[in-house]
Amino acid sequence: MREEPQKRISPKALKVWKLHGVIQSAVLALAVAGVGVLTWFFGWPVWITAAAIGVLLLFIYLMIFFLPTMRWKRWRYEVREQEIELQRGFIFVKRTLVPMVRVQHVDTVQGPLLKRYHLSTITISTAATVHEIPALDTGEADELRHSISMLARVAEDDV
């Protein structure tokens, strides 16, 4: 069996994913507050609000502390002459090989959170699907995009 890919995504990805978790948690907190108001207004049992707060606390722990760290630890990639290997997941580890001859085009994507931390995501398009390498430093992402583009062009010439 082939050894796992060695390259990691940027450690700044943790900040972005945690900030994303904070935003999601704030939205859920508004919903929980709404449940609290409805419980008071309609005289529902207090356990409904308590359960909603419990779900909120679990969600906060998972989305801000646990999942970003586990996601960063497991995300790996490797770009070789003939293929791109991606590895992700922590309960179910998924490893994907994308042959260079299948690569149609490569893009970099940068949303507002990624832009603030000078990160970009690379999307690799094949005829069947789109693969991505998330949260790379912008300079590294641009170099990698160019490198994959050149390797894909060479791979097509060999066919």
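By convention here, the first residue in the shown sequence is residue 1.
Taking every heavy atom of both residues into account, Trp72 and Ala13 meet most closely at CD1-CB, 4.3 Å. Minimum interatomic distance between Gln110 and Ser120 (heavy atoms only, all atoms of both residues): NE2-OG, 3.6 Å. In this structure, Leu56 and Ser25 approach most closely via the heavy-atom pair CD1-O, 3.8 Å. Between Tyr117 and Val16, the shortest heavy-atom contact is CD1-CG2, 3.5 Å.
Residues Glu78 and Arg80 meet the side-chain proximity criterion, which asks for heavy atoms closer than 4.5 Å. Side-chain contact between Arg88 and Lys94 is present, with at least one heavy-atom pair separated by less than 4.5 Å. Residues Leu144 and Tyr77 have side chains in contact (heavy-atom distance under 4.5 Å, counting atoms from C-beta outward). The closest side-chain heavy-atom distance from Lys7 to Arg76 is not below 4.5 Å. Under the 4.5 Å side-chain criterion, counting only non-hydrogen atoms from C-beta, His131 is in contact with Thr96.
No continuous path of ILVMFWY side-chain contacts below 4.5 Å connects Leu62 to Leu14, so the two sit in separate hydrophobic clusters. Residues Leu97 and Val93 fall into different hydrophobic clusters, defined by Ile, Leu, Val, Met, Phe, Trp and Tyr side chains chained together at heavy-atom separations under 4.5 Å. Linking Ile, Leu, Val, Met, Phe, Trp and Tyr residues whenever their side-chain heavy atoms come within less than 4.5 Å leaves Ile64 and Leu114 in two separate clusters. Residues Ile60 and Leu19 are members of separate hydrophobic clusters, defined by side-chain heavy-atom contacts under 4.5 angstrom among Ile, Leu, Val, Met, Phe, Trp and Tyr. If you chain together hydrophobic residues whose side chains sit under 4.5 Å apart, Met63 and Met70 fall into the same group.
Considering CG of Leu86 and CD1 of Ile133, their distance stands at 5.5 Å, rounded to 0.5 Å. Atom-to-atom distance recorded for Ile122:CD1 and Ile9:CD1 is 11.5 Å, nearest 0.5 angstrom. Atom CZ in Arg74 sits 14.0 Å away from atom CZ in Arg71 (nearest 0.5 Å). Expressed to the nearest 0.5 Å, how far CD of Glu83 lies from CE of Met100 amounts to 8.5 Å. Between the CD1 atom in Ile124 and the OG atom in Ser149 there is a gap of 11.5 Å [rounded to 0.5 Å]. Distance check, rounded to the nearest 0.5 Å: CD of Gln104 to OG1 of Thr126 gives 6.5 Å.
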N/O donor-acceptor pairs under 3.5 Å from side chains in residues 31-44, not counting sequence neighbours:
from	atom 1	to	atom 2	distance (Å)
Thr39	OG1	Val35	O	2.8
Thr39	OG1	Thr49	OG1	2.9

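When the ring pair (Phe, Tyr, Trp, His ring centres under 6.0 Å) test is applied to Phe66, the partners found at least two apart in sequence or on another chain are Phe90. For Tyr61, there are no ring pair (Phe, Tyr, Trp, His ring centres under 6.0 Å) partners, not counting sequence neighbours. Taking the side-chain contact (heavy atoms from CB on, under 4.5 Å) definition, one finds that Val130 meets it with Thr123, Ser125, sequence neighbours left out.
We find that Arg95 and Glu4 are not joined by a salt bridge, their nearest charged nitrogen and carboxylate oxygen being 4.0 Å or further apart.
Residue pairs meeting the salt bridge (charged side-chain N to carboxylate O under 4.0 Å, His left out) criterion with at least one member in residues 134-144, sequence neighbours excluded: Lys12-Asp137, Asp142-Arg145.
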I'd like to know whether Thr129 forms a side chain to side chain contact (heavy atoms under 4.5 Å, CB included) with Arg102, so could you lay out the CA-CA distance, the side-chain angles of the two residues, the decisive distance to 0.1 Å, and finally the verdict.
CA-CA 10 Å; Thr129 189; Arg102 300 283 184 225; over 6 Å; no

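None of Leu136, Leu119, Thr138 except one satisfies the side chain to side chain contact (heavy atoms under 4.5 Å, CB included) rule with Ser10; the exception is Leu119.
Here Val109 is tied to no hydrophobic group at all, with no ILVMFWY side chain closer than 4.5 Å.
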